Structure formats: structure tokens, C-alpha cells
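Shown next, in C-alpha cells, is the structure this report addresses.
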2 protein chains.
Amino acid sequence: MKELLNIFKALSDKTRLRIIKLLEHGELCVCDIVAALEMVQPKVSFHLRVLKKAGLIKDRKQGKWMHYRLDESDIFKRFVTVSVIEKISDTMVKEDYERLERFMKNKSEGLEATTSKNRCCV
Amino acid sequence: MKELLNIFKALSDKTRLRIIKLLEHGELCVCDIVAALEMVQPKVSFHLRVLKKAGLIKDRKQGKWMHYRLDESDIFKRFVTVSVIEKISDTMVKEDYERLERFMKNKSEGLEATTSKNRCCV
DNA sequence: ATAATATATAAAACATTATTTATATAAATT
DNA sequence: AATTTATATAAATAATGTTTTATATATTAT
């Protein structure tokens, strides 16, 4: 019962639903999410931790970047997250994605302009 | 998105999951739930209100009693509540049900002993 | 009519969560 | 080596949610 409670608690916050919705588009690093949601980084990290504790997302460290993705290994959790994804049709979610796309585009363009690796989320 | 949030918020409390689990056994009045959970009545009423606001349960007034039941009209909500019901296998939930049964039994015995209608949840 | 009962609601106290601000850590760059 | 960058964590504050206690309302019983 405690595990189930943690899942529902994790899903009962708007910011976290927005993050789940973003991760539907694939693995993202913290700075991607920060850019998409226009929130300060510790806030995003806090919510990522809650989602991870509930077992809804997984992380992967690569250099100084931390990448997060949906954990779809558990059928129940997967259903719940898919339900979330299906049910949310929110202006805010659309805007999050637009910001994400813009941010990702800038990143890749920046990459072309220089060979530096000291750039966010390369 | 707000509706979905309300559903998850409603499900992210132990007392409310216990109530949902009890209502699986059929419609109950407030005093049944109070007896089963061994909680004070305003507390139970508070949680019933949260569940109702989220659209997870429906109520029906009969005399001075208020009866609550699961609202299974919405497929998504139904799935979620069924998931809850399936996932919870908790000692506490078993005890809740035992208390409910004892309470219901006493009620029906009391009913046989007298013709009075001024008795809880007749 | 008066009393008793079932439930709801409001206010206060309490507990949990979320947000901000500041700082720490570790990796990559210069 | 010193600096910058990405992220995490801790402490303080703010916001929400829950529980308790007291009271109100409506229905039934006497």
C-alpha cells in the first residue's frame, strides 16, 4: 500500500505531471527540463527526486549531466503514466514542449558553431 | 489536467484508499465507515468530500443517512480505482473489513430485537 | 414540542510538501 | 591549478493538507 501511495503522491503535483509529459518525448537532462518548464534548477531536481523515489523515472549519469527517462518496466506504473500522458491536454504542456524544442535547437546550433564541450547537455 | 490532478490527490492518502477499498464491498453509510476505520466522524466526512470532489464516489441521501458508493461511470477512474483495489493487500484493510462485518452484524441483530428506526444506518 | 441521531461544516491546531536561497560536489574547461 | 558548469543537497520559508474540536442542520423518535 505504501508503494502505491508513493506513486499517487508523486503524480499529485502539476510540475511533476509536466515533467512526465516532457519525458514522453525521450530522455532529457536536468537543464533541458529546467529550460522547458522555466523553473529554477533546485526545484526541478526536487521533483525529479520525488518521481524517482516513486519508481516512475530512472536516471543515468553521463559526465556532468544527469539524464532522466520514464521507467516503463512495471506494467502498472506504465499504465498510470500512459494514462497521464493521454489525459493531459494542457496549454501549459504544449508550451513546455515548444520551449524544449527551441532550447534543443539552440543547443545543436551552438554545437555547430564551436567545438567546445563545455556547453549544457551536449 | 486539473481533473487528473484532483484524482491523484484524492488517491494519495491512506485513509482515502482504505475508504475506497471498503466501498468495493458495496454502498455504505458514513457510520459504517466510521466504525470500520475507527475514526471520528468529521474526519471521515472530510475524506469522503475529497473523494467526491474528485468524482471517485457518489452519494445518496436516505432519511438522515448519507450513503456513499464508488462511481464507476468513468472508464479511466474505474480503471484507477480497480487498480487501487487490486494493488492493496494490507493488514489494515483486512482489519477494516472485519470491523465492518462485525458492525453490520450487530446492526442487523439490533434490528431484530426492536422495531425502532432510530438506529444507525438502518 | 423536545430529545436524540446522523452527518456536515467551520475554525484552530498540527503535519506534510513545495519553494527559495545558499552552498557543496564533481566533472570539464581554460 | 583555477574556473566554469551541471546538478544535488540543506536550511529557511511559504503553502497545502489533515486532524481535532466545537457547532449547525436536518431527520426521526418520544
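Throughout, a chain's letter reflects where its sequence line sits, starting with A, and its residues are numbered from 1. Computed over heavy atoms, backbone and side chain alike; hydrogens, waters and symmetry mates excluded. Predicted, not measured: the structure shown is a model, and the values here were computed from it.
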Taking the side chain as every heavy atom from C-beta outward, state whether [X] and [Y] have any pair of such atoms under 4.5 Å apart.
X	Y	value
Asp13(B)	Val50(B)	no
Val93(B)	Leu17(B)	no
Trp65(B)	Arg60(B)	no

Can you list the residues that meet the side-chain contact (heavy atoms from CB on, under 4.5 Å) rule with Lys14(B), with sequence neighbours excluded?
Met1(A), Leu5(A), Arg18(B), Met92(B)
Counting only side-chain N and O atoms of Tyr68(B), is one of them less than 4.0 Å from OP1 or OP2 of dA8(C)?
yes
When you measure from the side-chain N and O atoms of Ser45(B) to the phosphate of dT7(C), is any distance below 4.0 Å, counting only OP1 and OP2?
no
Please give, in whole Å, the distance from [N] [atom2] to [X] [atom1]?
X	N	atom1	atom2	value
Lys53(B)	dT16(D)	NZ	P	14 Å
Met66(B)	dA8(C)	CE	P	5 Å
His67(B)	dA8(C)	NE2	P	11 Å
Leu17(A)	dA18(C)	CG	C1'	15 Å
Met39(A)	dA8(D)	CE	P	16 Å
Lys14(A)	dT16(D)	NZ	C1'	16 Å
Phe8(B)	dT16(D)	CZ	C1'	19 Å
Asp59(A)	dT9(D)	CG	P	10 Å

Does any pair with a residue in residues 44-54 of chain B pass salt bridge (charged side-chain N to carboxylate O under 4.0 Å, His left out), and if so which ones, sequence neighbours excluded?
Lys52(B)-Asp59(B)
Let me have a per-nucleotide readout for nucleotides 18-27 of chain D, 5' to 3', with B, S or -, counting only protein heavy atoms under 4.0 Å.
SBBBB---SB
Determine yes or no for a side-chain-to-main-chain donor-acceptor pair under 3.5 angstrom, with Ser45(A) supplying the side chain and Pro42(A) the backbone.
no
